[in-house]
Amino acid sequence: MNNDLLEAFLCVARTKSVSQASEILFLSQPTVTHRIQSLEKELNERLFVNKNRQMTLTDAGQDFLPYAVDILNSWNRGLEKIRNRSEEPEGKLTVSMFYHASMLYGEKVVSFAEKYPMIHLSVKTLTPEDSVEQIVDRKVQLGFVRSIRHPALSYHKMKTGNFVLAVHPNHPLSKRKQIVPGDLNGEKMAFLYNGAADQKIIDQFYQEYGQASEIIMETNNFEVCKHFIMKRLGLAYLPQYTIQAELDEGSIAGIPVTLAKQPPEYDIDLVWLTENANLTLYRLFINHFTGKS
(Lines give C-alpha, C1' and ligand atoms only; values in the text may rest on other atoms or scores of the structure.)
Protein backbone atom coordinates (compact mmCIF):
# COMPACT_ATOMS: atom_id res chain seq x y z
CA MET A 1 0.00 0.00 0.00
CA ASN A 2 1.39 3.35 -1.06
CA ASN A 3 1.59 6.03 1.63
CA ASP A 4 0.62 8.62 -0.98
CA LEU A 5 -2.75 6.91 -1.24
CA LEU A 6 -3.21 7.07 2.53
CA GLU A 7 -2.28 10.75 2.62
CA ALA A 8 -4.84 11.53 -0.06
CA PHE A 9 -7.49 9.47 1.75
CA LEU A 10 -6.89 11.17 5.09
CA CYS A 11 -6.76 14.65 3.61
CA VAL A 12 -10.06 14.18 1.73
CA ALA A 13 -11.64 12.63 4.85
CA ARG A 14 -10.58 15.66 6.88
CA THR A 15 -11.56 18.38 4.38
CA LYS A 16 -14.49 16.54 2.79
CA SER A 17 -13.31 18.03 -0.48
CA VAL A 18 -11.10 16.82 -3.32
CA SER A 19 -10.33 20.39 -4.36
CA GLN A 20 -9.21 21.45 -0.86
CA ALA A 21 -7.20 18.27 -0.49
CA SER A 22 -5.46 18.95 -3.80
CA GLU A 23 -4.46 22.44 -2.59
CA ILE A 24 -3.10 21.10 0.70
CA LEU A 25 -1.17 18.31 -1.00
CA PHE A 26 -0.04 20.51 -3.90
CA LEU A 27 -1.56 18.04 -6.35
CA SER A 28 -4.06 18.37 -9.15
CA GLN A 29 -7.65 17.31 -8.46
CA PRO A 30 -7.46 14.45 -10.98
CA THR A 31 -4.36 13.12 -9.18
CA VAL A 32 -6.15 13.15 -5.81
CA THR A 33 -9.18 11.47 -7.34
CA HIS A 34 -6.97 8.84 -8.96
CA ARG A 35 -5.27 8.08 -5.64
CA ILE A 36 -8.59 7.65 -3.87
CA GLN A 37 -9.81 5.35 -6.63
CA SER A 38 -6.58 3.34 -6.50
CA LEU A 39 -6.96 2.85 -2.74
CA GLU A 40 -10.61 1.81 -3.15
CA LYS A 41 -9.55 -0.68 -5.80
CA GLU A 42 -6.86 -2.11 -3.53
CA LEU A 43 -9.32 -2.45 -0.63
CA ASN A 44 -12.15 -3.51 -2.90
CA GLU A 45 -14.47 -1.06 -1.09
CA ARG A 46 -15.98 2.36 -1.73
CA LEU A 47 -14.52 4.77 0.80
CA PHE A 48 -16.41 7.96 -0.09
CA VAL A 49 -19.77 9.05 -1.44
CA ASN A 50 -20.49 12.51 -2.75
CA LYS A 51 -23.35 13.99 -0.72
CA ASN A 52 -24.37 17.60 -1.10
CA ARG A 53 -21.05 18.38 -2.78
CA GLN A 54 -19.09 16.91 0.12
CA MET A 55 -16.99 13.80 0.15
CA THR A 56 -18.47 11.74 2.98
CA LEU A 57 -16.97 8.55 4.32
CA THR A 58 -18.86 5.32 3.77
CA ASP A 59 -19.13 2.76 6.55
CA ALA A 60 -16.06 1.04 5.10
CA GLY A 61 -14.27 4.38 5.02
CA GLN A 62 -15.15 5.01 8.67
CA ASP A 63 -13.87 1.56 9.61
CA PHE A 64 -10.63 2.06 7.71
CA LEU A 65 -9.95 5.61 8.95
CA PRO A 66 -8.28 4.82 12.33
CA TYR A 67 -6.09 2.17 10.73
CA ALA A 68 -5.00 4.58 8.02
CA VAL A 69 -4.06 7.08 10.73
CA ASP A 70 -2.06 4.43 12.62
CA ILE A 71 -0.28 3.24 9.49
CA LEU A 72 0.75 6.71 8.43
CA ASN A 73 1.76 7.74 11.96
CA SER A 74 3.85 4.59 12.36
CA TRP A 75 5.51 5.25 9.04
CA ASN A 76 6.32 8.84 9.97
CA ARG A 77 7.70 7.84 13.39
CA GLY A 78 9.86 5.19 11.76
CA LEU A 79 11.05 7.63 9.13
CA GLU A 80 11.90 10.20 11.80
CA LYS A 81 13.79 7.58 13.79
CA ILE A 82 15.84 6.57 10.77
CA ARG A 83 16.56 10.18 9.87
CA ASN A 84 17.61 10.97 13.44
CA ARG A 85 19.75 7.87 13.49
CA SER A 86 21.53 8.92 10.35
CA GLU A 87 22.11 12.32 11.91
CA GLU A 88 23.58 10.89 15.10
CA PRO A 89 27.35 11.30 15.33
CA GLU A 90 29.08 8.09 14.37
CA GLY A 91 32.56 6.78 13.88
CA LYS A 92 35.40 5.23 15.85
CA LEU A 93 37.31 6.95 18.63
CA THR A 94 40.27 5.54 20.55
CA VAL A 95 41.14 7.46 23.72
CA SER A 96 44.08 6.98 26.06
CA MET A 97 44.07 7.97 29.73
CA PHE A 98 46.78 7.85 32.36
CA TYR A 99 45.79 6.48 35.74
CA HIS A 100 44.88 9.73 37.47
CA ALA A 101 42.95 10.99 34.45
CA SER A 102 40.88 7.80 34.44
CA MET A 103 39.95 8.41 38.08
CA LEU A 104 39.00 12.01 37.33
CA TYR A 105 37.21 11.44 34.03
CA GLY A 106 36.19 7.78 33.93
CA GLU A 107 32.54 8.55 34.67
CA LYS A 108 32.44 11.19 31.93
CA VAL A 109 33.86 8.73 29.41
CA VAL A 110 31.09 6.26 30.21
CA SER A 111 28.41 8.96 29.92
CA PHE A 112 29.85 9.96 26.52
CA ALA A 113 29.51 6.37 25.31
CA GLU A 114 25.94 6.29 26.62
CA LYS A 115 25.01 9.58 24.94
CA TYR A 116 26.54 8.72 21.57
CA PRO A 117 25.92 4.99 20.98
CA MET A 118 26.81 5.28 17.28
CA ILE A 119 30.40 6.19 18.18
CA HIS A 120 32.48 3.08 18.81
CA LEU A 121 34.64 4.09 21.77
CA SER A 122 37.84 2.32 22.78
CA VAL A 123 39.68 3.39 25.95
CA LYS A 124 43.29 2.52 26.80
CA THR A 125 45.23 3.11 30.01
CA LEU A 126 48.64 4.51 29.07
CA THR A 127 51.25 6.75 30.61
CA PRO A 128 51.26 10.29 29.21
CA GLU A 129 54.52 9.54 27.41
CA ASP A 130 53.10 6.37 25.82
CA SER A 131 49.93 8.25 24.86
CA VAL A 132 51.92 10.81 22.90
CA GLU A 133 53.88 8.05 21.16
CA GLN A 134 50.74 6.13 20.14
CA ILE A 135 48.96 9.28 18.97
CA VAL A 136 51.90 10.15 16.73
CA ASP A 137 51.89 6.54 15.46
CA ARG A 138 48.12 6.86 14.77
CA LYS A 139 47.22 4.05 17.17
CA VAL A 140 45.30 6.45 19.43
CA GLN A 141 43.23 9.45 18.35
CA LEU A 142 42.78 11.41 21.59
CA GLY A 143 44.90 11.23 24.72
CA PHE A 144 44.91 12.70 28.21
CA VAL A 145 48.45 13.84 29.02
CA ARG A 146 50.23 16.12 31.46
CA SER A 147 52.69 18.91 30.76
CA ILE A 148 54.01 17.31 27.56
CA ARG A 149 54.53 19.25 24.35
CA HIS A 150 55.04 17.77 20.91
CA PRO A 151 55.15 19.74 17.64
CA ALA A 152 52.81 17.32 15.83
CA LEU A 153 50.02 17.59 18.42
CA SER A 154 47.17 19.98 19.12
CA TYR A 155 46.11 20.64 22.71
CA HIS A 156 43.01 21.44 24.72
CA LYS A 157 43.63 22.23 28.39
CA MET A 158 41.32 20.23 30.64
CA LYS A 159 42.68 21.21 34.06
CA THR A 160 45.39 23.42 35.48
CA GLY A 161 46.45 22.83 39.03
CA ASN A 162 49.38 23.67 41.25
CA PHE A 163 50.52 21.33 43.97
CA VAL A 164 49.58 22.04 47.59
CA LEU A 165 50.58 20.51 50.88
CA ALA A 166 47.48 18.53 51.94
CA VAL A 167 46.92 18.15 55.69
CA HIS A 168 44.13 17.20 58.06
CA PRO A 169 42.09 20.30 59.05
CA ASN A 170 43.09 19.76 62.70
CA HIS A 171 46.80 19.55 61.95
CA PRO A 172 48.84 22.44 63.42
CA LEU A 173 49.92 23.50 59.92
CA SER A 174 46.35 23.70 58.57
CA LYS A 175 45.90 27.38 59.42
CA ARG A 176 49.16 28.42 57.81
CA LYS A 177 49.02 30.43 54.60
CA GLN A 178 52.52 29.32 53.68
CA ILE A 179 55.15 26.94 54.95
CA VAL A 180 58.87 27.46 55.31
CA PRO A 181 61.78 25.00 55.18
CA GLY A 182 61.91 23.11 58.44
CA ASP A 183 58.12 22.97 58.97
CA LEU A 184 58.03 19.36 57.81
CA ASN A 185 60.86 18.12 59.99
CA GLY A 186 59.76 14.80 61.45
CA GLU A 187 56.40 14.83 59.63
CA LYS A 188 55.16 11.56 58.17
CA MET A 189 54.44 11.83 54.43
CA ALA A 190 52.65 9.91 51.67
CA PHE A 191 54.53 10.09 48.39
CA LEU A 192 52.30 10.34 45.29
CA TYR A 193 53.91 9.42 41.98
CA ASN A 194 52.71 8.80 38.44
CA GLY A 195 55.45 9.22 35.87
CA ALA A 196 58.43 11.45 35.22
CA ALA A 197 56.55 14.74 35.55
CA ASP A 198 55.49 13.89 39.11
CA GLN A 199 58.99 12.82 40.05
CA LYS A 200 60.49 16.18 39.07
CA ILE A 201 57.88 18.13 41.04
CA ILE A 202 58.04 15.90 44.10
CA ASP A 203 61.84 15.80 44.11
CA GLN A 204 61.98 19.58 43.97
CA PHE A 205 59.52 19.86 46.88
CA TYR A 206 61.48 17.44 49.08
CA GLN A 207 64.80 19.07 48.26
CA GLU A 208 63.52 22.41 49.51
CA TYR A 209 61.11 21.44 52.29
CA GLY A 210 61.03 17.76 53.14
CA GLN A 211 64.56 16.50 53.57
CA ALA A 212 63.93 15.86 57.29
CA SER A 213 60.44 14.40 56.80
CA GLU A 214 59.66 10.68 56.81
CA ILE A 215 58.01 9.03 53.80
CA ILE A 216 56.04 6.11 55.21
CA MET A 217 53.95 5.31 52.13
CA GLU A 218 54.34 5.53 48.35
CA THR A 219 51.37 5.29 45.98
CA ASN A 220 50.14 6.34 42.56
CA ASN A 221 46.56 6.52 43.85
CA PHE A 222 45.45 9.91 45.10
CA GLU A 223 42.34 8.37 46.73
CA VAL A 224 44.70 6.45 48.99
CA CYS A 225 46.49 9.72 49.76
CA LYS A 226 43.18 11.34 50.73
CA HIS A 227 42.35 8.60 53.22
CA PHE A 228 45.91 8.71 54.53
CA ILE A 229 45.43 12.39 55.34
CA MET A 230 41.86 12.19 56.64
CA LYS A 231 42.85 9.39 59.05
CA ARG A 232 45.62 11.69 60.35
CA LEU A 233 48.39 9.32 59.33
CA GLY A 234 50.38 12.13 57.78
CA LEU A 235 50.65 14.73 55.00
CA ALA A 236 50.97 14.62 51.23
CA TYR A 237 52.08 16.97 48.47
CA LEU A 238 49.30 16.73 45.86
CA PRO A 239 47.88 18.44 42.78
CA GLN A 240 45.17 20.74 44.12
CA TYR A 241 42.43 19.52 41.78
CA THR A 242 42.79 15.94 43.06
CA ILE A 243 41.52 17.09 46.46
CA GLN A 244 39.31 20.00 45.40
CA ALA A 245 36.09 18.37 46.64
CA GLU A 246 37.66 17.71 50.05
CA LEU A 247 39.03 21.26 50.20
CA ASP A 248 35.56 22.62 49.48
CA GLU A 249 33.90 20.50 52.16
CA GLY A 250 36.66 21.13 54.70
CA SER A 251 37.77 17.53 55.24
CA ILE A 252 41.27 18.37 53.98
CA ALA A 253 43.21 21.64 54.17
CA GLY A 254 45.59 22.73 51.43
CA ILE A 255 48.61 24.94 52.02
CA PRO A 256 50.26 26.72 49.04
CA VAL A 257 53.94 25.97 48.62
CA THR A 258 56.34 28.34 46.89
CA LEU A 259 59.41 26.62 45.51
CA ALA A 260 62.61 28.46 44.76
CA LYS A 261 62.80 26.51 41.51
CA GLN A 262 59.15 26.49 40.51
CA PRO A 263 58.24 23.37 38.47
CA PRO A 264 55.66 23.47 35.66
CA GLU A 265 52.01 23.40 36.63
CA TYR A 266 50.40 20.02 36.90
CA ASP A 267 48.26 20.43 33.77
CA ILE A 268 45.99 17.86 32.17
CA ASP A 269 45.60 18.32 28.42
CA LEU A 270 43.58 16.46 25.83
CA VAL A 271 45.75 16.07 22.73
CA TRP A 272 45.44 14.79 19.16
CA LEU A 273 47.49 14.55 15.99
CA THR A 274 46.97 17.83 14.16
CA GLU A 275 47.24 16.43 10.64
CA ASN A 276 44.88 13.56 11.36
CA ALA A 277 42.15 15.53 13.10
CA ASN A 278 38.51 14.51 12.93
CA LEU A 279 37.60 17.87 14.40
CA THR A 280 33.85 17.24 14.54
CA LEU A 281 34.27 14.07 16.56
CA TYR A 282 37.04 15.49 18.73
CA ARG A 283 35.08 18.66 19.46
CA LEU A 284 32.06 16.56 20.42
CA PHE A 285 34.22 14.68 22.93
CA ILE A 286 35.77 17.85 24.35
CA ASN A 287 32.42 19.63 24.64
CA HIS A 288 30.98 16.67 26.54
CA PHE A 289 33.72 17.05 29.14
CA THR A 290 33.47 20.82 29.35
CA GLY A 291 29.66 20.89 29.58
CA LYS A 292 29.08 22.52 26.18
CA SER A 293 27.18 19.61 24.63
Side-chain angles (χ1 to χ4, degrees), residues 97-109 125-129 144-148 157-270 289-291:
M97 310 181 78
F98 62 94
Y99 182 73
H100 288 172
S102 66
M103 297 186 72
L104 287 168
Y105 296 118
E107 186 176 348
K108 272 286 190 180
V109 170
T125 300
L126 298 172
T127 66
E129 294 79 9
F144 289 87
V145 304
R146 295 170 314 159
S147 304
I148 297 177
K157 190 175 297 297
M158 301 296 290
K159 280 186 179 293
T160 298
N162 291 319
F163 274 65
V164 295
L165 180 65
V167 305
H168 189 277
N170 291 334
H171 190 280
L173 293 175
S174 65
K175 306 304 179 184
R176 299 278 293 276
K177 294 183 178 180
Q178 185 62 266
I179 63 170
V180 297
D183 282 342
L184 301 186
N185 290 354
E187 293 285 353
K188 292 179 171 56
M189 303 286 296
F191 180 91
L192 176 74
Y193 64 91
N194 189 43
D198 282 351
Q199 192 66 51
K200 292 178 182 178
I201 297 172
I202 297 292
D203 286 351
Q204 185 65 32
F205 169 78
Y206 278 98
Q207 286 175 14
E208 296 186 27
Y209 288 93
Q211 291 186 10
S213 64
E214 179 185 1
I215 296 176
I216 65 172
M217 184 179 71
E218 296 184 10
T219 179
N220 67 350
N221 188 316
F222 58 76
E223 292 294 331
V224 171
C225 286
K226 292 179 186 180
H227 291 292
F228 178 85
I229 296 163
M230 290 188 288
K231 289 184 176 294
R232 305 188 186 189
L233 298 178
L235 321 179
Y237 186 55
L238 303 174
Q240 181 171 327
Y241 63 74
T242 65
I243 55 170
Q244 191 60 57
E246 289 74 18
L247 293 174
D248 293 341
E249 69 185 17
S251 58
I252 292 178
I255 306 168
V257 178
T258 300
L259 301 179
K261 185 178 178 181
Q262 189 66 29
E265 291 183 325
Y266 190 95
D267 296 343
I268 292 184
D269 298 316
L270 192 61
F289 279 76
T290 57

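These numbers come from a predicted model, not from an experiment.
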Return the [atom1] to [atom2] distance between [X] and [Y], rounded to the nearest 0.5 Å.
{"X": "Ile148", "Y": "Asp269", "atom1": "CD1", "atom2": "CG", "result": "9.0 Å"}
{"X": "Leu235", "Y": "Phe228", "atom1": "CG", "atom2": "CZ", "result": "7.5 Å"}
{"X": "Glu187", "Y": "Glu214", "atom1": "CD", "atom2": "CD", "result": "10.5 Å"}
{"X": "His171", "Y": "Leu165", "atom1": "NE2", "atom2": "CG", "result": "8.0 Å"}
{"X": "Ser213", "Y": "Phe205", "atom1": "OG", "atom2": "CZ", "result": "7.0 Å"}
{"X": "Leu173", "Y": "Gln178", "atom1": "CG", "atom2": "CD", "result": "11.5 Å"}

### Query
How are the rings of Phe163 and Tyr237 set relative to one another: parallel (under 30°), tilted (30 to 60°) or perpendicular (over 60°)?
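Tilted.
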Distance-minimising heavy-atom pair for [X] and [Y]:
{"X": "His168", "Y": "Ser174", "answer": "O-CB, 3.6 Å"}
{"X": "Val164", "Y": "Gly254", "answer": "CG2-CA, 4.2 Å"}
{"X": "Phe289", "Y": "Phe144", "answer": "CE2-CZ, 4.0 Å"}
{"X": "Pro128", "Y": "Val145", "answer": "O-CG1, 3.8 Å"}
{"X": "Ile179", "Y": "Ile255", "answer": "CG2-CG2, 3.8 Å"}
{"X": "Tyr206", "Y": "Ala190", "answer": "OH-O, 4.3 Å"}

In the structure I gave you, are the side-chain heavy atoms of [X] and [Y] within less than 4.5 Å of one another anywhere?
{"X": "Val257", "Y": "Glu208", "value": "no"}
{"X": "Lys188", "Y": "Leu233", "value": "no"}
{"X": "Val224", "Y": "Met217", "value": "yes"}
{"X": "Leu270", "Y": "Tyr105", "value": "no"}
{"X": "Ile252", "Y": "Leu238", "value": "no"}
{"X": "Pro239", "Y": "Leu192", "value": "yes"}

### Query
Taking only residues two or more places apart in sequence or in another chain, which ones pass salt bridge (Lys or Arg N to Asp or Glu O under 4.0 Å) with Arg232?
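Arg232: no salt bridge (Lys or Arg N to Asp or Glu O under 4.0 Å) contacts found.
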### Message
Before you tell me yes or no, could you show the steps for Ile243 and Ile229 under side-chain contact (heavy atoms from CB on, under 4.5 Å), namely the whole-Å CA-CA distance, both residues' side-chain angles and the distance that decides it to 0.1 Å?
### Response
CA-CA 11 Å; Ile243 55 170; Ile229 296 163; 5.6 Å; no
### Query
Judged by atom type as modelled, is there a donor-acceptor pair below 3.5 Å linking the side chain of Asp183 to the main-chain atoms of Val180?
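Yes; judged by distance alone, with no hydrogens or angles, the pair exists.
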### Query
Is the backbone of Leu259 close enough, under 3.5 Å, to the side chain of Tyr209 for a donor and an acceptor to pair up by distance?
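No: the side chain of Tyr209 does not pair with the backbone of Leu259.
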### Task
For side-chain contact (heavy atoms from CB on, under 4.5 Å), just list the numbers for Ile268 and Tyr241, CA-CA rounded to whole Å, side-chain angles, deciding distance to a tenth of an Å, and then say yes or no.
CA-CA 10 Å; Ile268 292 184; Tyr241 63 74; 3.0 Å; yes
### Donor + acceptor pair across side chains of Asp248, Gln244 (<3.5 Å)
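Yes - a donor-acceptor pair under 3.5 Å links their side chains.
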#### Entry: Crowding at CD, Glu107 (>12 non-hydrogen neighbours, <6.0 Å)
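Incorrect, the count does not exceed 12.
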